[in-house]
Amino acid sequence: MSNGKDFQPKIVAFCCENSGWLAAEAAARLELGYPEKVELIKLPCSGKIDVLYFMKAMEKVDGVMILACQKENCKFLKGNERAKSRVLQTQRLLKEIGIEEDRVTIQYLAANMGNKFVEIVQNMYDKVRELGPNPGKVIK
Amino acid sequence: MKAGSNLERMLEAGHFAVTGEIGPPKSWDGAVVQHHAKMMKGYCESYNLTDNQTAIVRLSSIAAGKLLLDAECEPNIQIVCRDRNRIAMQSDVLGAAALGIKNILALSGDHQKFGNHPYSKNVYDVDSIQLIQMLDGMRKGYFQSGEQMKGEPPKIYIGCAANPFADPFEFRVTRLEKKADAGADFCQTQCLLDMERFERWMELVRARGLHKRIKILAGITPLKSVKAAKYMRDYVAGMMVSDDIIQRLEKAEDIKAEGVQLAIEQIEYLKKMEGVAGVHIMAIAWEEIVPEIVKRAGLYPRPEV
Amino acid sequence: MIVAERKPIDEILGFLSKHQKIMLLGCGGCVTVCLAGGEKEVGILGSELAMARAKEGRPLEVVQRTIERQCDFEYFEGIRHEVKDVDAILSLACGIGIQTVAEAFPDKVVWPGVNTKFLGVNQNVGVWAERCQACGQCVLDKTGGICPVARCSKSIFNGPCGGSQHGKCEVSADTDCAWALIHDRLTRLGQVDSMREILPVKDWSHSRDGGPRKLVREDLTLESGK
Ligand code: SF4
Ligand code: SF4
């Protein structure tokens with residue numbers, strides 16, 4: 001797999017509209033920049049995420065993440081816990097076909113954390129960049 | 001007399017009976033079976049031959065029974081329901097009878113999960129109570145299907161197991177009653193390492209008059225180590241070991257001697273207990289101790305019947 | 001319901017190693033309910049297979065379809081035209097569905113994507129337990145509605161055996177003793193005395209032991225012949 005310096009990973013970040021999404025808006029208000037190849041998808045709650053969404057996204061991109069509310073802060077009580085278990089399930093599926101589990105992650109933050117949002121996204125971007133292109137990408 | 005075996009005659013004569021147990025080897029070395037039999041010869045009425053005990057492949061109980069007959073000891077062959085269907089079982093019963101085997105003990109059998117072939121299929125075409133019924137039918141001249149046998153029916157003295165230490169406690173007596181109803185003549189209990197529970201069970205047995213319908217032989221196992229006792233208590237399903245027994249062993253200087261002493265005291269106590277017709281001594285891999293236990297328990301020489 | 005579990009991925013990838021285009025076929029029946037082979041599982045496995053093969057540089061095209069039921073011939077009509085174009089079908093239905101697919105498409109290779117486990121109940125999220133072995137002659141009337149054939153490790157009819165302790169079966173501390181359950185339930189119903197009766201030897205000819213079974217109901221066949 002090529003892991004050239006010019007590799008720009010594609011990442012999908014699913015965002016709970018009560019935390020991740022608002023944090024992204026806060027970042028925009030603060031005019032904080034983050035890698036442009038990160039696509040944000042709004043979900044009504046992190047609990048809406050499904051193994052299926054992760055897997056379908058992984059057919060096209062190099063890494064996926066879910067940005068959820070902090071522990072005990074989920075508006076729907078257990079959405080973030082469910083999201084966590086789906087991340088684990090997805091990691092298991094990727095692992096069994098030999099794809100790095102680190103390409104899927106869950107991160108927790110609150111609506112006003114613009115800086116944290118950028119930090120999380122940048123970290124994921126850097127990590128996936130290090131991993132190189134998703135070897136299982138189906139749609140290039 | 002149903003079969004006229006040594007064991008049957010002893011029990012019918014009202015003597016306190018003694019039976020022993022031999023586990024056939026995991027090889028075809030029949031001399032092992034005869035060696036163990038010789039060690040105990042003259043001290044027991046008959047010797048149980050386990051049928052692939054704990055689901056481990058061993059020399060067959062019926063073949064071992066023949067080896068015992070050759071060594072002039074009386075076999076009591078066990079048949080478990082795990083490995084054979086009613087066709088094979090009945091065929092084996094006929095074969096055993098032809099060889100001169102008269103005592104047959106019916107058991108469910110340990111699940112194969114713990115044996116040396118955990119991936120095998122189990123049979124359980126009939127269960128142990130149904131097997132007793134089948135044996136009883138056979139000695140009356142009928143196969144399980146109802147078809148009448150040709151010629152003389154086989155002579156069988158039917159044994160079974162009883163476990164006062166399994167649950168549900170009250171049902172344990174009902175289960176013995178079912179076995180008596182099915183036609184069992186005698187039962188041997190799981191080894192008795194909790195006298196209080198056994199006494200409570202015997203009370204219920206007597207209350208139903210069951211001891212008058214089926215001969216009860218209490219299971220005796222001389223303990224060799226505290227570890228073994230604790231293992232049985234904690235890990236063997238359907239076994240109980242009372243604290244006082246464990247404490248006695250722990251305090252003892254010579255644990256083996258204490259184990260033997262305990263077994264002897266148990267037998268002395270059981271001899272006086274109403275409804276107990278004898279003891280079944282299970283000293284697998286310690287057969288040589290049986291003569292000492294029988295002698296010191298005042299049961300030697302065995303009466304002539 | 002029939003409970004199934006997806007086969008290990010390497011086994012499935014092994015089946016498909018020579019194919020370039022397959023149909024991954026889900027079933028809307030039991031396997032949807034037990035989360036082994038419904039529409040969602042088809043989607044997930046489809047991605048997994050496509051990614052695994054992309055990784056090897058030998059792309060696999062996965063046509064993903066889920067039909068109402070795979071154990072009924074009528075539902076295959078809608079996919080017949082697409083089946084023509086694939087090398088093989090990977091079915092996520094139970095063993096019955098898989099065989100029906102094979103029968104419906106006699107010229108097509110059909111692979112099993114799940115291991116069919118047992119007839120059981122969903123006890124909890126992610127937990128299923130066996131309840132019936134389709135023995136052909138139900139005895140639940142005598143056992144308080146608890147099946148000794150499927151739930152007793154030895155399928156005995158006059159239990160509990162000597163291995164029953166604290167309500168658990170001798171095979172494992174996580175397995176309830178079916179006969180302890182039967183005893184408790186009959187006690188609760190005031191019918192425990194019925195356990196004194198010896199249940200007779202079972203007629204296994206109604207079970208698989210009588211050879212493959214078939215059911216023909218004249219009343220219905222006449223109707224359909226009209
Ligand atoms: S008795 Fe037979 S039919 Fe009834 S539940 Fe058990 S296996 Fe199924
Ligand atoms: S312990 Fe209970 S469930 Fe297990 S084999 Fe014995 S009777 Fe059956």
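To find a chain, count down the sequence lines: A is the first, B the second, and so on, and within it residues start at 1. Keep in mind that this is a model prediction, so the values were computed, not measured.
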**Message:** Using the rule given for side chain to side chain contact (heavy atoms under 4.5 Å, CB included), can you reason through B:R84 versus B:D92, listing the C-alpha separation, both sets of side-chain angles and the distance that settles it, and then say yes or no?
**Reply:** CA-CA 10 Å; B:R84 279 163 286 184; B:D92 278 348; 2.4 Å; yes
For [X] and [Y], does a side-chain donor sit closer than 3.5 Å to a side-chain acceptor?
{"X": "B:H280", "Y": "B:E21", "value": "yes"}
{"X": "B:Q188", "Y": "B:T19", "value": "yes"}
{"X": "C:K154", "Y": "B:N122", "value": "no"}

**Request:** Name the option with the most non-hydrogen atom pairs under 4.5 Å to chain B; the candidates are C:K202, C:R196, C:E170.
**Result:** C:R196
**Among the listed options C:G163, C:S164, C:A180, C:S155, the residue most often paired with chain B at heavy-atom distances under 4.5 Å** = C:S164
Please determine, among [options], the option with the most heavy-atom pairs under 4.5 Å with chain C.
{"options": "B:K113, B:R86, B:K178, B:H111", "answer": "B:K178"}
{"options": "B:D127, B:N163, B:D125, B:V126", "answer": "B:D127"}
{"options": "B:I129, B:T174, B:V123", "answer": "B:I129"}
{"options": "B:Q190, B:M134, B:M239", "answer": "B:M239"}
{"options": "B:A161, B:S128, B:G109, B:P164", "answer": "B:G109"}
{"options": "B:Q144, B:E177, B:R172", "answer": "B:R172"}

**Prompt:** Between B:R82 and B:D110, is there a salt bridge with N-O shorter than 4.0 Å?
**Reply:** no
**Message:** Does B:R197 qualify as a cation-pi partner of B:F169, given the criterion of NZ or CZ under 6.0 Å from the six-membered ring centre and within 45 degrees of its axis?
**Reply:** no
**Asked** By a 4.5 Å heavy-atom criterion (distance strictly below it), what part of B:D167 contacts chain C: side chain, backbone, both, or neither?
**Response** both
**Item:** Parallel, tilted or perpendicular, as decided by the 30° and 60° cut-offs, for the rings of C:F15 and C:W111
**Value:** parallel
